[in-house]
2 protein chains.
Amino acid sequence: MSIRGFELRQLRYFVAVAEEQSFRKASERLHISQPPLTRQIQAMESELGAELFMRTSRGVELTQAGRILFEEANNILMLSERAAERAILAGKGQLGRLDIGIFGSATFDTIPKIILSFRNAHPNVKVVLHNMTKWEQITALRERRITVGFNRFVTEEADIVLDTVYTENAMLALHRSHPFSRRNEIRFKDLRGQPLILYPRSSRGGFADILMSTCRDSGFEPWVAHEVDDVSTSIALVSCGFGLCVVPESARNLKLPGVIYRPLTDAKRLNIDLCCLYRRDDQSPLLAAFMDIVHSYGR
Amino acid sequence: MSIRGFELRQLRYFVAVAEEQSFRKASERLHISQPPLTRQIQAMESELGAELFMRTSRGVELTQAGRILFEEANNILMLSERAAERAILAGKGQLGRLDIGIFGSATFDTIPKIILSFRNAHPNVKVVLHNMTKWEQITALRERRITVGFNRFVTEEADIVLDTVYTENAMLALHRSHPFSRRNEIRFKDLRGQPLILYPRSSRGGFADILMSTCRDSGFEPWVAHEVDDVSTSIALVSCGFGLCVVPESARNLKLPGVIYRPLTDAKRLNIDLCCLYRRDDQSPLLAAFMDIVHSYGR
DNA sequence: ATCGGCGATACCTTTTCGGTATATCCTGAA
DNA sequence: TTCAGGATATACCGAAAAGGTATCGCCGAT
């Protein structure tokens, strides 16, 4: 007469009795003795207010109520097994959802490769990409909206781990008609007096600032022809002949009309690092699995 | 490290903690104290080999594994409630499947009405009709292939209950061109010397035998023009002018060209009873519910 | 009539579950 | 730094539930 419902053990017992059509055989299958089985079934019947089995001289047979419950019980037991299996998988980082913050200029080469590799290794994990700026990523990490972010030139934060994934060389994007296109070797100081396109415009401490201070370290003030928001736009401007643009190597995948790429031979001090960002206290197995993949990429 | 899976109680506890995001609040909602909750969740976690909650200073938060289990658990709990409800319904005869054996000549009036009425009262019961002869019905009842049968002139069987549902008058089916069609009153003995169509041909002790012995009781030997299997065929023969046919009243619903029906005014001794047949030991609530409907029909 | 197989019951043992008290950890404030 | 407050975890105990053994009662087959 209690209000609480069944227990799965009772459903397991019930299914065993229904399938064996015998309390005794079912008790052997369940490795218990027969009386507890009788008692559990009786408890279920009194809770339902209906008989589940017709006791005959040769064993038992399902009633209508029993037949209905039998269908439901099989389904429920199957689902409960699946639930445990899926939870275990999720605990190993092989199932679930991974929200990743990405940004412009690494979207064209490294990040797709990493994500592709991760999806092959963990096909049951749903990967969701969010395009967001550096600071949006930090905020989203703190608010648990993303689990991991990709960015460059990230300032240290106490609760965020920075993990350098990949260091790229700087390259110069220029129009085919520019005189530099015929030179074998372009050095950083050659940029003096050249119209430069800088990005990103908005955030301080980003690539644009690094580039400008590197220019000054090389002994000249850069001629900033344009400032734009992202690498795609800046390459588009290069394509129209607005000037030169220093980009990470991976930007070469952006092929626009007239745009060619040349190595900057002495740009070693310009470290263009791709970093992974994640919460220092994040113990998620999905993050660990993802970082494993990422590190297997660290050249 | 045990092999056995979850219990529903654990899933209920888990869902409460996940929804309240707090062991304490969940314990209040479940009307138990907090330590048992902690222990049950720990048991689940150790069984899964994965944490389900991240314990923070302000409460708890689901891990990936927890999120997966949460979805599954809600589904399973919902299904287990439904299972109990459906079993209870089935126990009351309001859910399930009812296999009914029917036969030819009552199919046209009484049986459809009864079944319609039953389906209105028990919309969740699936009614399956099986057209079978008297003896097929008896066998099918014994083998549990049907729960109830309809028939006429059924011989007593020890394990089968006969329940007379409805008593019909006998009528005479004849062709419009027959001389009787102009008479106001046709009496049984008027059938002397008339070509009669009898059915069913196959089974002994059926309507045909009853009719013949009734003729002999009235002092004449019937002229058996034809014997056919069922009432539909016999009416078809009447329609073609092969002769006369004594039928139950409900056969009037069979309208064929040229066939008219006339009362047999002194046929009272020809009881055409429609019987329900079911197993004497059948305690099924569906049968009880069906017989309730049937009896509410017994004029 | 008797025997054997089945489920039900009585009674006892073992396990599990829930409650109380307390420990431990973390955070926020003085 | 310390302390208070609120959170979960642990230790220990009593209560409830589950399982085991022995036995009963019933029914059908021999």
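The sequence lines fix the lettering, A, B, ..., with proteins before strands; numbering per chain opens at 1.
- Remark: B:Q42 pairs with no residue by the side-chain hydrogen bond (donor to acceptor under 3.5 Å, both in side chains) rule, at least two apart or across chains.
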Pairs of donor and acceptor atoms involving the side chains of residues 121-132 of chain B, under 3.5 Å and at least two apart or interchain, shall be tabulated with distances.
{"unit_1": "B:H122", "atom_1": "ND1", "unit_2": "B:G93", "atom_2": "O", "d": "3.4"}
{"unit_1": "B:H130", "atom_1": "NE2", "unit_2": "B:D99", "atom_2": "OD1", "d": "2.8"}

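- Going from atom CD of B:E20 over to atom P of D:dA7 covers 12 Å, rounded to whole Å.
- Within the structure, salt bridge (Lys or Arg N to Asp or Glu O under 4.0 Å) contacts touching residues 56-68 of chain A (residues at least two apart or in different chains) are A:E61-B:R144.
- Residue A:I32 contributes atom CD1, which lies 14 Å from atom P of C:dT16 at whole-angstrom precision.
- The CZ atom of B:R12 sits 13 Å away from the P atom of C:dC17 (whole-angstrom rounding).
- Within 4.0 Å (heavy atoms only), A:Y13 reaches sugar-phosphate atoms of the nucleic acid but no base atom.
- Between the CD atom of A:E7 and the P atom of D:dG19 there is a distance of 12 Å, given to the nearest Å.
- At the phosphate of C:dG18, OP1 or OP2 sits under 4.0 Å from a side-chain N or O atom of B:Q40.
- When rounded to the nearest whole Å, the span between CD of B:E61 and P of C:dC26 equals 17 Å.
- Taking B:V60 as the reference, B:V17, B:F23, B:F53, B:R55 meet the side-chain contact (heavy atoms from CB on, under 4.5 Å) condition, with sequence neighbours excluded.
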Exercise. Could you walk me through whether B:V15 and B:L77 pass the side chain to side chain contact (heavy atoms under 4.5 Å, CB included) check?
Worked result: CA-CA 9 Å; B:V15 165; B:L77 291 176; 3.9 Å; yes

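- In this structure, the CE atom of B:M44 is 12 Å from the P atom of C:dC17, given to the nearest Å.
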Seminar exercise, completed: Per-nt protein contacts along nucleotides 4-10 of chain C (heavy atom under 4.0 Å; B base, S backbone sugar-phosphate only, - none) come out as --SBBB-

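- Distance B:I41 CD1 to D:dT8 C1': 12 Å, rounded to the nearest Å.
- The side chain to side chain donor-acceptor pair (under 3.5 Å) analysis of residues 71-91 of chain A, with sequence neighbours excluded, yields the pairs A:E72-B:R82, A:E72-B:R86, A:R82-B:E72, A:R86-B:E72.
- As a whole-Å value, the separation of B:M54 CE from D:dA9 P is 13 Å.
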